[in-house]
Amino acid sequence: MQRWRGYHGAPVGWGRSVVTIGVFDGIHQGHQTTIGHAVKRARDMGVQSVVVTFDPHPAEVVRAGSHPAVLTEQARKAELIEALGVDVLCVVPFTPDFSRLSPEAFVHDVLVEQLHAALVVVGENFRFGHRAAGDVALLERLGRTFGFAVEAAPLVADADTVYSSTYIRACVAAGDVTAAAAALGRPHRLEGVVVRGDQRGREIGFPTANLLCHRYAAVPADGIYAAWLIRRGGRAGQGAERLPAAVSIGTNPTFSGRERRIEAYVLDFSGDLYGERLALDFVAYLREMRSYDGIEPLVAQIAADVAQTRAALA
Ligand SMILES: Cc1cc2nc3c(=O)[nH]c(=O)nc-3n(C[C@H](O)[C@H](O)[C@H](O)COP(=O)(O)O)c2cc1C
Ligand SMILES: Nc1ncnc2c1ncn2[C@@H]1O[C@H](COP(=O)(O)OP(=O)(O)OP(=O)(O)O)[C@@H](O)[C@H]1O
């Protein structure tokens, strides 16, 4: 997959293309369907498929300080998009100037002049241009003017909800990692670097890897979870390794902690994880974070959490 920064990256002789556009945070099942449809149509037509996405999240530029929690950082998003068979990922810097492009100017400047769109594939609820003024009907009208087709993919939903990044953020924030996984089509992933904690874990018999995440990362609600810890390997060039983990998120009230911690106790593991970049794939919510009357009852509870983690991941 080629990666372009900005939309002026098309090589000389660039032909027509099938384009799909969106923030695509999470690459949830709806995004997968829409992008998958674009890839298939591009192959049928013998042209390149292009995903246009934005960085940073448009909300940050349109309403400063309103950056939503991020489900997938750019690198992870690119990886997931590549896995769908896309030819080109075009990341457009979302600047204040860019945000002021009218729907007509966006279509003319980006889709027609630069990307030579023959077909634009979007979800039925697609909005674009300044103040999100453009919709599918307008895109179709502009397509007739400029000579491209438009296909609107039906929205992917379960019995009650149309899947969207906003919905999945709400699931994660509420600790409902099961609902998040259903919409994503895979567990919600949190990435970060292992930093030092209070070094108490070793003493109580459950050493934990404390994860430092990106400031906008979508961290699940405080509580205890069963998760897979993913080590990318890398060091000796080995592939990724997946280890079962009991994860604790919260301030550790038993010890009157103040900082919100994300800690993973890796089952059946002894080794050093400090400084490693890791990921946690959240599979099940087990219970809320509680304040225990001393170390003994806490340790007994953690042992029970570990047994439950084993069962949840079996
Ligand atoms: C599976 C699991 C469950 C936990 N549950 C709680 C809890 O309910 N209440 C609490 O205060 N701390 C809980 N902890 C966090 C421990 O207090 C914490 O791991 C310990 O203080 C070590 O902290 P450190 O890594 O900073 O040294 C839990 C930890 C794990 C691994
Ligand atoms: N449930 C869905 N089914 C099919 N396509 C979808 C679905 N949700 C979004 N899309 C399409 O995917 C593209 C990218 O969507 P985008 O990331 O902008 O919105 P979203 O997932 O609805 O998130 P948000 O909650 O931020 O609006 C758009 O073309 C959109 O119409």
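Both ligands and their constituent atoms are indexed starting at 1 by order of listing. These numbers come from the heavy atoms of this one structure, side chains and all, not from hydrogens, waters or symmetry mates.
- The nearest heavy-atom contact from the protein to atom 31 (O) of ligand 2 is N125 OD1, 2.7 Å.
- Contacts with ligand 1 closer than 4.0 Å are made by side-chain heavy atoms of Y292 only, the backbone lying farther away.
- Between E60 and R215, none of the side-chain N atoms (NZ, or NE/NH1/NH2) sits under 4.0 Å from a carboxylate O, so this pair counts as no salt bridge.
- In this structure, P154 has a heavy atom closer than 4.0 Å to ligand 2.
- With a heavy-atom cut-off of 4.0 Å, D305 touches ligand 1 through its side chain alone.
- Using a distance-only test at 3.5 Å, with no hydrogens or angles considered, a donor-acceptor pair links the side chain of H116 to the main chain of W14.
- Contacts of R261 with ligand 1, taken as heavy-atom pairs under 4.0 Å, involve the side chain alone.
- Near T166, with a cut-off below 4.0 Å to any heavy atom, the atoms of ligand 2 are 24 (P), 25 (O), 26 (O).
- When non-hydrogen atoms are compared, ligand 1 lies under 4.0 Å from neither the backbone nor the side chain of V247.
- By the criterion of a heavy-atom distance under 4.0 Å, the side chain of L298, and not its backbone, is placed next to ligand 1.
- Residue F24 approaches ligand 2 through these ligand atoms, each under 4.0 Å from one of its heavy atoms: 12 (O), 13 (C), 14 (C), 17 (O).
- Counting heavy atoms closer than 4.0 Å to ligand 1, residue N252 contributes atoms from both its backbone and its side chain.
- Taking any N or O of T254, backbone or side chain, at least one lies under 3.5 Å from an N or O belonging to ligand 1.
- For a threshold of 3.5 Å applied to N or O pairs, the pair formed by P253 and ligand 1 contains at least one separation below that value.
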